[in-house]
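Only one structure is covered here, and it is reproduced in the block below.
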Amino acid sequence: MNYPVIKLQTNRPYQICKCCVMDTTDEDIVFDENGVCMRCNEYKERIEPEWNHGRGHEQELNTLLTEIKKKGEDKDYDCILGLSGGLDSSYMLHLAVKEWGLRPYVFHIDAGWNLPVAEENIKKLTDKLGVELHVEHMDWNEMREMQLAWFRTGLEMLDAPQDHAFIALIDKLSKELGIKYILNGYNICTEVIADPSSWEKGAGPTGDGTYIRDVVKKYCRIPIKNYTYTSGLKHKFINPYIRGVKTVKPLNYVEFTRESMIKTLSDEYGYVPYGQKHFEDLLTKFLEGYWQPTRFGHDMRRAQLSSLVITGQISRETALEILSHAPLNEDESEQLFKEVASKLEISEDELMHYHELPECSIRFKSQEHLYKAGIRIFELLGLEKRIRK
Ligand SMILES: [Zn+2]
């Protein structure tokens with residue numbers, strides 16, 4: 001079997017930022033007269049001065065923790081934490097329980113794609129911290145069909161079924177349990193540069209049930225009955241503003257590096273690092289390590305490494321060196337390709353057929369315009385801590 005590499009179809013001359021490693025594989029990238037990209041400039045002007053690498057936020061953190069504890073004092077739990085087994089949510093659990101004395105309701109979604117490394121890490125952490133883990137098992141037959149539906153669209157962002165399920169479950173749990181705080185592991189330190197929106201063309205926002213339902217309607221071949229949807233309205237408006245459920249990102253109030261997170265978790269829990277971000281899950285490992293680079297010419301490490309470069313955790317040279325090698329070698333790619341085809345119960349030829357589809361040209365229903373307006377308002381209010389372009 002051949003594993004084709006698609007060259008990017010662009011007329012634009014190649015250019016890479018002089019400060020980070022974002023380049024013209026993001027077709028919307030803009031450079032200033034010094035060859036520095038708009039993300040680096042935005043980071044310097046808008047994000048870094050306030051974030052200050054997590055330093056000087058003790059007061060904000062204390063106020064937040066006191067508030068969470070007070071609002072949850074008569075309940076079994078004072079906050080909700082979704083644990084993927086990945087680095088950020090694991091570190092958040094460590095801080096929340098061990099350092100901050102919070103009592104999170106800890107849940108994990110088993111959408112059928114867990115890799116053993118994620119399950120082992122989850123077990124090590126929850127065992128040692130003595131927290132009960134609530135696992136939500138998705139209906140695999142439906143998840144498999146929904147996943148195939150996304151492959152059939154030709155879109156680039158194919159992990160929407162499990163991402164949406166995660167958001168929908170948080171909305172559902174916060175309502176059922178009456179918990180007012182959701183701990184979100186987003187952090188400027190390792191994630192300030194978001195994946196470019198030009199890499200997500202045609203896909204609706206992950207939390208947008210209108211988009212998810214429309215793909216299901218057009219591409220699923222069996223009825224989807226057990227899947228839980230949420231909506232942008234519920235997730236972004238009703239929950240926070242009517243029901244008063246706050247999603248908080250406390251990792252931005254403390255100082256750490258990617259390196260120090262790994263060290264703390266390995267030393268204290270025997271946590272095992274799994275390499276590239278999102279490689280704790282078979283599907284995202286396949287999509288980000290093989291599918292997106294070879295079908296679309298997009299290397300997700302570019303944004304991840306750029307976050308580390310501009311926050312001063314690795315040098316630009318190191319990032320370029322890492323990017324000069326493919327995320328997965330040929331044997332690993334071949335092995336993953338087989339595993340994913342087998343898990344989806346399709347032939348490798350069928351999976352390769354999806355790899356060679358023309359890019360998706362369908363406009364799915366979505367509430368994207370509302371999301372964009374929301375992000376813009378948050379930026380103007382200084383509440384958006386991520387560089388979304
Ligand atoms: Zn840059």
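Just so it is clear, the values below take in all heavy atoms, side chains as well, and ignore hydrogens, waters and symmetry mates. Only a predicted model underlies this, so the values are computations on that prediction, with no experimental measurement involved. Remember, it's 1-based here, ligands and their atoms both numbered in the order they're listed.
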Atom NZ of residue position K277 - does it have more than 12 heavy atoms of other residues, nucleotides or ligands inside 6.0 Å?
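Yes.
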Is E345 paired with R144 through a side-chain N to carboxylate O contact shorter than 4.0 Å?
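Salt bridge: yes.
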Quick one: the SG of C37, the Zn ion (ligand 1), SG of C17 angle, rounded to 10°, please.
110°
Metal-centred angle, the Zn ion (ligand 1) as apex - SG of C20, SG of C40, 10° resolution
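The two atoms subtend 100° at the Zn ion (ligand 1).
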Knowing that exactly one of K128, K124, K98 qualifies, which makes a salt bridge (Lys or Arg N to Asp or Glu O under 4.0 Å) with E268?
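Of K128, K124, K98, salt bridge (Lys or Arg N to Asp or Glu O under 4.0 Å) with E268 is met by K98 alone.
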Both conditions, 6.0 Å and 45 degrees, for the charged tip of K343 above the ring of W140: are they met here?
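Yes, K343 lies over the aromatic ring of W140.
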So, C19 and the Zn ion (ligand 1): N/O/S under 2.8 Å, yes or no?
no
